[in-house]
Amino acid sequence: MSEKPSKYYVTTPIYYVNDKPHIGHSYTTILADVLASYHRLLGIPTHFLTGTDEHGQKVQQAADANGITPQEQCDQTVVRFQELWKRLEIQNDDFIRTTEERHKTVVQQTLQELFDRDEIYKAEYEGWYCVGCERFFTEKDLTEGNCPECGRPVDKIIESNYFFRMSKYQDWLIDYIETHPDFIQPSFRANETLGFLKNKELQDLCISRPKSRLAWGIELPFDSDFVTYVWFDALINYISAVGYKSDEEQFNKWWPASCQLIGKDILTTHTVYWPTMLKAMNVAMPESIFAHGWWLTGRTKMSKSLGNVVNPMDMIDSYGVDAFRYFLIAEMTLGQDASFTEEAFVKRYNADLANDLGNVTNRVLNMISRYCDNKVPASAKGDFDTGLEDALWKETVEVADEMGPMIGNMKLDASVGLVMTAVRKINVYLQERAPWSLAKEEGNEARIAYCLYTAAECLRVCAALLFPVMPEKMLALRTALGMGDAKPQLDKLTQFGVLTAGSEISQPGALFPRIEVEKKEEKKPAEKPKKQKQQPKKSGGTTPSSSADGLITFDQVMAVNLKTAVVLEAEKIEGADKLLKLQIDLGDEKRQLVAGIALHYTPEELVGKTIVVVANLKPAKLRGVKSEGMLLAASIGDDLRLVTVEGELGPGAAVK
Ligand code: MSP
């Protein structure tokens with residue numbers, strides 16, 4: 001792995017307690033957990049903080065709506081977050097609630113200090129206030145008279161308030177962001193903040209609310225008629241939780257944070273308010289603030305009013321915690337939005353977990369059981385060719401070596417993808433070495449032992465690399481490989497020979513039972529066709545089957561219109577590493593299609609090729625790009641080749 005930092009401190013936003021947690025909150029927290037776990041397993045002192053944001057108007061309103069006090073609202077809702085984190089196997093080191101004394105004291109001390117140093121002053125304020133965002137705006141900020149952030153109506157407010165002299169840090173902040181390229185990530189978010197800072201004059205920040213309007217907050221230490229603005233209070237959690245103004249040793253140990261994770265919705269508060277507050281307090285800046293994108297339901301924003309919010313508890317109940325964590329990490333390219341659908345979940349689960357990882361695990365364990373008396377075989381090389389084993393081990397080590405830099409660069413989806421490639425290579429290797437064939441002849445015991453030992457070692461490495469994402473299942477896999485319940489040490493991963501010859505292996509059962517998908521419309525032909533949700537159902541077995549006997553009729557084959565097409569143009573799709581956009585000639589028409597072959601073919605290689613496409617596939621959008629058809633390709637492991645036709649044949653020929 002890459003060079004080790006001396007410590008790692010990761011934070012999530014603290015979540016509002018006005019509502020129950022959903023998939024978005026789960027994502028940020030799982031992401032932080034995965035990052036924390038990787039660093040811990042590398043032996044790096046790690047601190048992972050999450051918590052809840054319990055003051056402010058939203059909580060007050062939720063409490064009023066529920067007929068309870070704000071503190072009761074907090075106490076009831078915080079439990080939902082804490083329970084969910086437990087179920088999601090989140091290993092946070094601390095959980096801060098902004099209603100805790102340890103936090104309130106620090107906020108008040110900080111305010112007093114800033115007030116004494118004239119960083120905070122009192123003034124009359126006239127402006128527009130968005131209740132939803134809990135933010136003030138000037139007339140100029142508004143979009144068609146509404147909140148520029150969420151589009152909802154705003155209220156006009158005139159009142160005396162306290163202000164933080166944020167405006168004086170504008171030039172400093174621009175310079176800081178420009179000279180610290182890692183400070184705001186991904187870089188396009190740094191540009192977004194810079195654009196905002198360079199295009200308009202930064203205002204001072206209103207940091208108080210008169211109690212007459214909102215009483216639910218931390219009282220200003222220098223004026224008991226006011227409470228603190230919820231963001232000024234909330235942001236301080238990142239330092240109050242690690243001992244700011246209370247435990248210097250602890251504070252110096254963890255601060256500055258290594259990585260502060262946020263969603264893109266709270267970029268301004270974290271990249272403008274927060275750094276200027278820290279600057280005024282003379283506290284060091286965090287090393288990086290990373291804004292991830294949004295989880296959408298299909299292509300639509302999740303919202304309670306649309307009723308499309310994904311409930312993490314439901315997903316865990318249906319598919320298990322580890323599979324849910326895996327999907328979220330594997331599916332979202334950090335920084336970009338991602339789409340959540342149950343169909344996509346089931347597809348990825350079946351492909352990556354049930355088929356690839358589940359299959360390799362079963363094969364390795366079953367063969368060790370059959371050929372090696374259920375014990376980890378000896379690892380001795382003998383007088384036989386070990387070319388395939390050497391190559392497999394080398395490739396696995398390369399993947400392990402690439403993980404560190406990839407995680408450092410926040411390419412978590414790609415890093416998981418890489419491990420799955422290594423998993424598939426074990427399968428390909430087993431296919432080639434075919435120990436079952438070797439077993440047919442006498443005298444091959446040592447070869448079989450070395451083969452299965454190597455495959456098990458490679459599986460051990462993959463399980464360790466996936467451990468932060470799927471802690472429960474990977475622990476089960478390690479136990480099955482005879483390693484007990486010890487957690488992996490990622491810095492000692494790539495020594496060959498860690499598995500102890502002779503130790504008993506066990507059969508953990510299907511780690512990831514395949515999810516069978518029943519298509520309801522096939523069962524009810526009389527009903528008028530309408531879009532039906534897939535009904536995933538778990539099954540115990542691991543063999544794919546779409547109908548009872550797995551066979552389809554001649555008519556079903558003929559319903560697929562396969563045609564030859566010539567590739568006219570090909571280009572990469574920005575932000576999608578695996579996709580290419582192709583313009584194709586189908587003989588009687590030209591079409592555009594999107595294909596997931598960018599890791600296997602360059603655009604140049606494709607132009608002029610005659611390919612085979614499914615011509616009557618319903619058009620769809622992939623990453624927002626229209627695709628009218630699907631090309632055919634054959635793949636085994638990570639080797640993928642286009643299906644082409646032999647010799648010269650133009651576009652538009654029927655393939656039967
Ligand atoms: N309380 C503030 C944060 C204060 S931090 C000092 C807040 N809370 S929140 O409950 O609204 O949570 C916001 C965070 O939840 C987002 O920044 C993001 O991390 C996560 N998500 C909420 N919905 C999301 C999606 N649909 N998709 C991905 N993450 C989103 O803002």
Side-chain angles (χ1 to χ4, degrees), residues 10-33 35 49-62 73-74 77-78 80-81 84-85 88 95-99 103 106-107 130-135 149-150 189 216-218 228-241 257 259-275 277-278 286 289-306 308-312 327-329 331-341:
V10 62
T11 66
T12 73
I14 47 172
Y15 305 109
Y16 286 128
V17 286
N18 55 335
D19 203 2
K20 58 179 188 210
H22 60 70
I23 185 177
H25 307 120
S26 306
Y27 177 68
T28 319
T29 312
I30 290 171
L31 183 59
D33 189 60
L35 289 169
L49 172 71
T50 188
T52 40
D53 189 353
E54 304 196 348
H55 292 121
Q57 201 144 336
K58 281 187 193 180
V59 177
Q60 171 89 61
Q61 282 173 341
Q73 170 74 31
C74 297
T77 316
V78 72
R80 296 182 175 193
F81 281 91
L84 178 62
W85 298 160
L88 282 171
F95 186 100
I96 188 154
R97 300 179 59 180
T98 53
T99 48
H103 174 72
V106 174
V107 171
C130 174
V131 177
C133 298
E134 306 215 33
R135 284 179 60 191
E149 294 285 329
C150 70
R189 296 285 176 211
W216 185 236
I218 301 177
T228 313
Y229 168 46
V230 67
W231 272 102
F232 201 89
D233 151 3
L235 286 161
I236 292 177
N237 92 87
Y238 300 131
I239 50 177
S240 65
C259 178
Q260 298 212 260
L261 295 169
I262 57 168
K264 65 179 184 180
D265 50 321
I266 51 176
L267 186 72
T268 312
T269 48
H270 279 82
T271 61
V272 180
Y273 298 4
W274 181 223
M277 283 165 65
L278 288 170
I289 298 168
F290 193 101
H292 63 72
W294 279 77
W295 279 100
L296 309 173
T297 302
R299 280 170 217 127
T300 321
K301 196 174 163 178
M302 275 181 207
S303 87
K304 252 206 299 185
S305 53
L306 289 173
N308 62 357
V309 177
V310 178
N311 180 348
F327 179 80
L328 293 186
I329 296 298
E331 192 77 4
M332 181 177 264
T333 298
L334 270 171
Q336 291 165 21
D337 289 346
S339 154
F340 190 97
T341 62

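Indexing begins at 1, ligand by ligand and atom by atom, following the structure's order.
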- Who are the salt bridge (charged side-chain N to carboxylate O under 4.0 Å, His left out) partners of D233, not counting sequence neighbours? none

- Residue set satisfying salt bridge (charged side-chain N to carboxylate O under 4.0 Å, His left out) with R97, at least two apart, ordered chain then number -> E54, D75

- Could you pull out all residues at least two apart from H103 that satisfy ring pair (Phe, Tyr, Trp, His ring centres under 6.0 Å)? none

- Query: Would you say D33 and W85 make side-chain contact, with heavy atoms under 4.5 Å?
  - Reply: no

- Sub-4.5 Å side-chain heavy-atom contact between F95 and T52: yes

Just list the N/O pairs, ligand 1 to protein, that are under 3.5 Å apart, with the distance for each.
residue, atom, partner, partner atom, Å
ligand 1, 1 (N), I14, O, 2.8
ligand 1, 1 (N), D53, OD2, 2.7
ligand 1, 10 (O), Y16, N, 3.1
ligand 1, 10 (O), H25, NE2, 3.4
ligand 1, 17 (O), G263, N, 3.0
ligand 1, 17 (O), D265, OD1, 3.1
ligand 1, 19 (O), T28, OG1, 2.7
ligand 1, 19 (O), G263, N, 3.3
ligand 1, 26 (N), W295, O, 3.3
ligand 1, 27 (N), W295, N, 2.9

- Task: Please indicate whether K20 has more than 12 foreign heavy atoms, meaning atoms of other residues, nucleotides or ligands, lying under 6.0 Å from its NZ.
- Result: no

